[in-house]
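Down below is the structure, laid out as structure tokens.
Only a predicted model underlies this, so the values are computations on that prediction, with no experimental measurement involved. Here is the naming used below: chain letters follow the sequence lines, and residue numbers restart at 1 for every chain.
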Amino acid sequence: MINVTLPDGSVRELPDGSSPMDLAVGISKSLAKVAIIATVNGQDWDLKRPLEGDSEVAIVTRKDDKALEVIRHDTAHIMAQAVQELFPDTQVTIGPSVEDGFYYDFARDEPFSTEDFEAIEKRMAKIVDADIPFEREVMDRNEAIAMFEKMGEAYKAELIRDLPESEPISIYRQGEWLDLCLGPHLPSTGKIGKAFKLMKVAGAYWRGDHRNAMLTRIYGTAWSDEKQLKAYLLRIEEAEKRDHRRLGKQMELFHFQEEAQGQVFWHPNGWSLYRLITSYMRRRLEKAGYQEIKTPLLMDRKFWEQSGHWDKYRENMFISSIDQEDKVLAVKPMNCPCHVQVFNQGQKSYRDLPLRLAEFGSCHRYEPSGSLHGLMRVRGFVQDDAHIFCTIDQITEEVKDFCALLKSVYADFGFSEIKIKFADRPEQRVGSEEVWDMAEASLREAAEASGIDFEYNPGDGAFYGPKLDFVLKDAIGREWQTGTIQCDFNLPERLDASYVGDDNDRHRPVMLHRAILGSLERFIGVLLENYAGKVPMWLAPRQLVVATITSEADNYGQKVCDALKAAGIRAETDFRNEKINYKVREHSVGKVPVIAVVGRKEEEEGTVALRFLGEGGKKQDVLSLEEAIAKLTDMGTPPDMKRV
RNA sequence: GCCGCAGUAGCUCAGGGGUAGAGCGCGUCAUUGGUAAUGACGAGGUCGGGAGUUCAAUUCUCCCCUGCGGCACCA
């Protein structure tokens, strides 16, 4: 007999060889019905896999979050089975569950198309209907390799070869079909249900390495019931409406065209938003002790050779030359070396540190064509860049201040959920191991001291130093890096930056590279998606439209608009010969936060009827002109100016 | 850069080997109205670019460009 401890602490006795399924049946029939898998001593376990001695067991049901992962993984398996049955010349590789669904990577000469989806989905449904049991089997390593090779599954054989010798090789069978897999799986295919849908095909490199073969990936989504699936599909549809590229057109913010691939043409509304953001940032930076500078766009190639960028990023740099001079200039891909030049002018003392030099730095990078994405990834962009030159002792304090400033700025822009990643030394890097040890330890310590939650992102640091990256999500959940702070002991060395210490000796300063918004372009993209274009009033390019009901009110409307403008509100008039319904609709669709409706009544009473975006016109405020100005001025004041 | 898909009016999209279609927008006229679309009329297109097949190509084939979804890359 074995003793099984349940999550509530109670203990049950079961015969040797019992499985979690036996346990579930023993507890209640209904539990056995909704059971998906179990966790045994904290490890995921198939329901039918026998327990190995006394254990702590928890039954995972369909309602648990974990259940979705298993359902998705199982769905990936049956998709692979369906694909191989329909297309026998296909090799399987890997197929994990991911956020909202799953994928499976296949190797096949002819790629799949979305037109194949219907047939694959039908075959999948058949496999579910057949209710085939999933069976786990542990195989000998060499036998498993031989078996997969015989089956023509070269990728699977390679995977097993690369597993550590100690790793048991588990195989999961569903009828005739089998796959190398860690598990766990449901008891049978019938338990998966049919709340799945194939979504898209994509290319993906074998093992994520571009030197390897390109496989065909099929993405699908799977849920525990139809209702969840429908809700998910609806959510995706809604999210697509918030796409910043779509909003950019609708709100007349910006456009792109072929002749300037990856570069933005900002229109009046978009540039207005852009300037509101930079003005806000300038106020925040000045208060935080930064000094703004401006440095050249074109610099001699020698300069980039010295910094190390030429070696690592030559292929991604735009270069320029002129007939009269035998020189190659590079368009700056980043600002750091330029800031070091400013630092290097004259002599710096320890008394000058920390020195914080900020620039809205216009940078150009030849980004791979396939990576361009609206405002999120462009070839010409502006960073809210700054470099803090400081001593080693000052790192912690500076990083702490930076994190606090960033959080406060993000809160003002309506972001509370920020993902933070700590990235350490990459394979290709400059500087000695000792310097890296020091830089990583300093940054990590400083990050811990600032009390932020970060995850570890090994090997993803900059070539000159480790970094903390701040990541925001777009409308459909894609992650974009925005803020960053990087701890650099290397560039000051390469570019010969120094200061005189209190010991009268020369020392190397540490350089903290940092950006809060990252690229203005990307940040605006994320911001627009976050607000679905309905940005808060202080950021709205057009804050208010005075819409008249009849042309008799035009004179009064003009008076109202002039008064609002004089009070600093970004107001316009709409005197067109259109019905008020039409005007309200158009400006609502245009995402103008406030519409001031004026007609004969308002003129007689000296009032305005304010209608606020997103409130369906239910709550309209009829105020005197003076009251309206007071209210709107308050609403339109940037958050930082309200705090002073 | 790699794999797949797409490109038709200012926008969103339908169509399909033989004078090119809709809705919205735009222009003109009528209408002066009370909180999400007033009506009528009109203008607007080398169907992304190039080559090929064909009596005939926007439609079929190939190449290129750009965009979209992934992958890879991201100082």
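No engagement by A:Phe256 is indicated, since no non-hydrogen atom pair under 4.0 Å with the nucleic acid exists. Looking at heavy-atom distances under 4.0 Å, A:Gly208 makes contact with sugar-phosphate atoms alone, never a base. Base contact: A:Asn316 has a heavy atom under 4.0 Å from a base atom. Nucleic acid contact class of A:Ser588 (heavy atoms, under 4.0 Å, all strands): base. Base engagement by A:Ile549 is indicated by at least one non-hydrogen atom pair under 4.0 Å involving a base atom. Nucleic acid contact class of A:Gln383 (heavy atoms, under 4.0 Å, all strands): none.
At B:G69, one or more side-chain N or O atoms of A:His373 fall inside 4.0 Å of OP1 or OP2 (strictly under the cut-off). Contact check, A:Thr216 against B:C3: no side-chain N or O comes under 4.0 Å of OP1 or OP2. Applying the 4.0 Å criterion to OP1 and OP2 of B:A36, one finds that A:Arg611 has a side-chain N or O inside that range. Close to B:A37, at under 4.0 Å from its OP1 or OP2, lies no side-chain N or O of A:Lys583. Distances shorter than 4.0 Å separate none of the side-chain N or O atoms of A:Arg217 from OP1 or OP2 on B:G69. A close approach under 4.0 Å does occur between a side-chain nitrogen or oxygen of A:Tyr582 and OP1 or OP2 of B:G25.
Under 3.5 Å, the side chain of A:Tyr205 and the base of B:G1 form at least one donor-acceptor pair of N or O atoms. In this model, no side-chain donor or acceptor of A:Glu252 finds a partner on the base of B:G10 within 3.5 Å. The base of B:C74 is not paired with the side chain of A:Arg365 by any donor and acceptor separated by under 3.5 Å.
For RNA chain B, the residues of residues 244-251 of chain A within the heavy-atom distance limit of 4.0 Å (strictly under) are A:Arg245, A:Lys249, sorted by number. The stretch residues 477-493 of chain A comes close to RNA chain B through A:Arg478, A:Gln486, each having a heavy atom under 4.0 Å from the strand.
Classified by its glycosidic torsion, B:U32 falls in the anti category, the angle being over 90° from 0.
Side chain of A:Arg508 to backbone of A:Ala497: a donor-acceptor contact under 3.5 angstrom is found. The closest donor-acceptor contact from the side chain of A:Arg379 to the backbone of A:Glu367 lies under 3.5 Å. A distance-only check finds no donor-acceptor pair linking the side chain of A:Arg611 to the backbone of A:Gln620 [under 3.5 Å].
Among pairs with a residue in residues 590-602 of chain A, those fulfilling salt bridge (charged side-chain N to carboxylate O under 4.0 Å, His left out) read A:Glu552-A:Arg600, at least two apart in sequence or across chains. Residue pairs that meet the salt bridge (charged side-chain N to carboxylate O under 4.0 Å, His left out) test with at least one member in residues 201-220 of chain A, sequence neighbours left out, are A:Asp105-A:Arg217, A:Glu158-A:Arg207, A:Asp162-A:Arg207, A:Asp209-A:Arg211.
Ring geometry for A:Phe265 against A:His255 counts as parallel: the plane angle stays under 30°, on a 0 to 90° scale with 60° as the upper cut.
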Legend entry - Strand RNA chain B in bracket notation, Watson-Crick/G-U under 3.5 Å with | for pairs to another chain: (((((((..((((....[..)))).(((((.......))))).....(((((..]....))))))))))))....
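Nearest-nucleotide assignment on RNA chain B puts the 5′-proximal partner with A:Gln257, out of A:Cys336 and A:Gln257.
As a whole-Å value, the separation of A:Asp621 CG from B:U35 C1' is 14 Å.
Scored by the ring-ring contact (aromatic ring centres under 6.0 Å, His included) test, A:Phe112 finds A:Phe87, A:Phe106 as partners (sequence neighbours excluded).
A:Tyr313 qualifies as a stacking partner of the B:A75 base, centre to centre under 5.5 Å and near-parallel within 30°.
Remark: the A:Glu359 side chain and the A:Thr295 side chain contain an N/O donor-acceptor pair separated by less than 3.5 Å.
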